[in-house]
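Okay, structure first, notes after.
Residue numbers start at 1 and run along the sequence shown.
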Amino acid sequence: MHILITGGTGLIGRHLIPRLQQTGHQISVVTRDVVNAREKLGDGIAFWSGLAQQQNLNGIDAVINLAGEPIADKRWTEVHKQQLCESRWQLTERIASLINATATPPNVLISGSATGFYGNTGELVLTEDDPGHDEFQHTLCARWEQLALSAQSDRTRVCLLRTGVVLAKDGGALSKMKLPFKLGIGGPIGSGKQYMPWIHIDDMVNGILWLLDNKDLRGPFNMVAPYAVRNEQFAATLGHVMQRPAFMRTPASAIKLMMGESSALVLGGQHVLPKRLEASGFGFRWFDLQEALQDVVNA
């Protein structure tokens with residue numbers, strides 16, 4: 001297949017593209033910086049400097065849309081929240097428009113979202129059937145998904161990736177989490193009772209490939225490991241794997257002072273289960289948190 005990818009230089013894209021190449025797919029990557037993308041992703045890939053000049057997606061068999069500004073890197077000022085929305089919404093709307101304008105459209109659009117779709121839902125056990133809680137994360141993801149679904153037809157199916165915290169050795173949230181543990185000041189955040197949906201990068205990539213290959217699958221999929229953990233369990237396990245202490249609790253008040261509204265990312269949580277992915281027959285390789293962390297931390 002000829003697969004068009006946005007966000008290819010991000011954490012998931014950097015792991016996904018080599019797997020697609022190994023199975024013989026032709027890859028094109030949309031990027032604002034061709035030189036940087038080529039340096040990160042290597043040869044054998046076609047690079048598109050944008051979608052503005054494209055009139056349709058003739059010749060493209062599948063689109064994987066992973067682009068979006070990092071959500072946890074800055075405080076959520078009104079300006080930054082607008083940037084977070086626009087970086088997801090505008091590109092996704094353009095992709096959907098191009099798919100709808102194509103005489104022979106791609107067979108599938110696999111488009112990013114996040115477990116933030118559900119908002120801060122406390123102890124509720126969530127599947128893809130549950131609505132989101134009305135807050136910024138939900139608003140961001142719900143509109144993002146709606147725009148992707150506008151590309152759906154009897155010729156193009158749309159799969160939505162409601163992704164949790166992706167565990168990988170070379171970037172992502174884990175690289176930031178590890179620093180306080182290295183300094184001996186790691187531990188739970190706030191109450192530590194909030195659920196923290198996670199997924200190993202291998203299962204994330206395998207899950208995308210599964211959705212790509214199984215032509216009956218469409219709609220939202222929770223891209224999370226089957227066994228949810230609370231923040232305090234995650235902290236204790238990470239400390240054990242790194243052989244570092246994990247008892248320095250960071251008060252919620254300090255997190256709110258540092259992060260403002262974006263503190264909801266770490267003080268809130270979702271008890272999310274991958275109901276639809278497992279029901280489709282997908283088998284997770286990494287479902288034990290300690291084994292997953294040992295793989296990525298000690299790699």
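Among residues two or more places apart in sequence or in another chain, the ring-ring contact (aromatic ring centres under 6.0 Å, His included) test is passed with Phe117 by His138. Residues forming a ring-ring contact (aromatic ring centres under 6.0 Å, His included) with His271 (at least two apart in sequence, or on another chain): Tyr195. Scored by the salt bridge (Lys or Arg N to Asp or Glu O under 4.0 Å) test, Asp73 finds Lys176 as partners (sequence neighbours excluded). Checked against ring-ring contact (aromatic ring centres under 6.0 Å, His included), Phe181 has no partners two or more places apart in sequence or in another chain. Trp89 meets the ring-ring contact (aromatic ring centres under 6.0 Å, His included) test with no other residue; sequence neighbours excluded.
Here Arg230 pairs with Glu123 in a salt bridge; the nearest charged N to carboxylate O distance falls below 4.0 Å. Remark: Asp129 engages Lys275 in a salt bridge, criterion side-chain N to carboxylate O under 4.0 Å.
Cluster annotation: Leu124 is not connected to Trp198 through the hydrophobic network of ILVMFWY side chains, with a link wherever side-chain heavy atoms come within less than 4.5 Å.
Side-chain contacts under 4.5 Å among hydrophobic residues (ILVMFWY), followed directly or transitively, place Ile95 together with Leu4, Val30, Trp48, Leu51, Leu57, Ile60, Val63, Leu91, Leu98, Ile99, Leu109, Leu149, Val158, Leu160. Grouped with Val125 in one hydrophobic cluster are Leu273, the linkage being side-chain heavy-atom contacts under 4.5 Å among Ile, Leu, Val, Met, Phe, Trp and Tyr residues.
Side chain of Asp130 to main chain of Thr127: a donor-acceptor pair is present (N/O by atom type, distance under 3.5 Å, no hydrogens or angles).
For Phe136 and Trp76, the ring centers sit closer than 6.0 Å to each other.
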Before giving the answer on side chain to side chain donor-acceptor pair (under 3.5 Å), spell out for Thr6 and Asn65 the whole-Å C-alpha distance, their side-chain angles and the decisive distance to 0.1 Å.
CA-CA 5 Å; Thr6 69; Asn65 178 29; 2.6 Å; yes
Dump the intermediate steps for side chain to side chain contact (heavy atoms under 4.5 Å, CB included) on Ile5 and Leu20, then the final yes or no.
CA-CA 11 Å; Ile5 299 177; Leu20 292 171; 3.7 Å; yes
In a table with atom names and distances, give each donor-acceptor pair under 3.5 Å that connects a side chain of residues 283-290 to protein atoms at least two apart or in another chain.
residue, atom, partner, partner atom, Å
Trp286, NE1, Asp202, OD2, 3.4
Asp288, OD2, Gln290, N, 3.2
Asp288, OD2, Glu291, N, 3.0

Give the table of side-chain donor-acceptor pairs shorter than 3.5 Å for residues 248-258, with sequence neighbours excluded, one pair per line with atom names and distance.
residue, atom, partner, partner atom, Å
Arg249, NH1, Gly190, O, 2.9
Arg249, NH1, Ser191, O, 2.9

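With rounding to the nearest 0.5 angstrom, the CD1 atom of Ile71 is 10.5 Å from the NZ atom of Lys81. Here the OG1-CG distance, from Thr115 to Leu126, works out to 9.5 Å after rounding to the nearest 0.5 Å.
Among pairs with a residue in residues 21-38, those fulfilling side chain to side chain donor-acceptor pair (under 3.5 Å) read His2-Ser28, at least two apart in sequence or across chains. For residues 151-162, the set of pairs meeting the side chain to side chain donor-acceptor pair (under 3.5 Å) definition, not counting sequence neighbours, comprises Tyr118-Arg162, Glu145-Arg162. Applying the side chain to side chain donor-acceptor pair (under 3.5 Å) test to pairs two or more places apart or on separate chains, those with a residue in residues 8-19 are His15-Asp170, Arg19-Asn206.
Under 3.5 Å, the side chains of Ser280 and Asn214 contain no donor-acceptor pair of N or O atoms.
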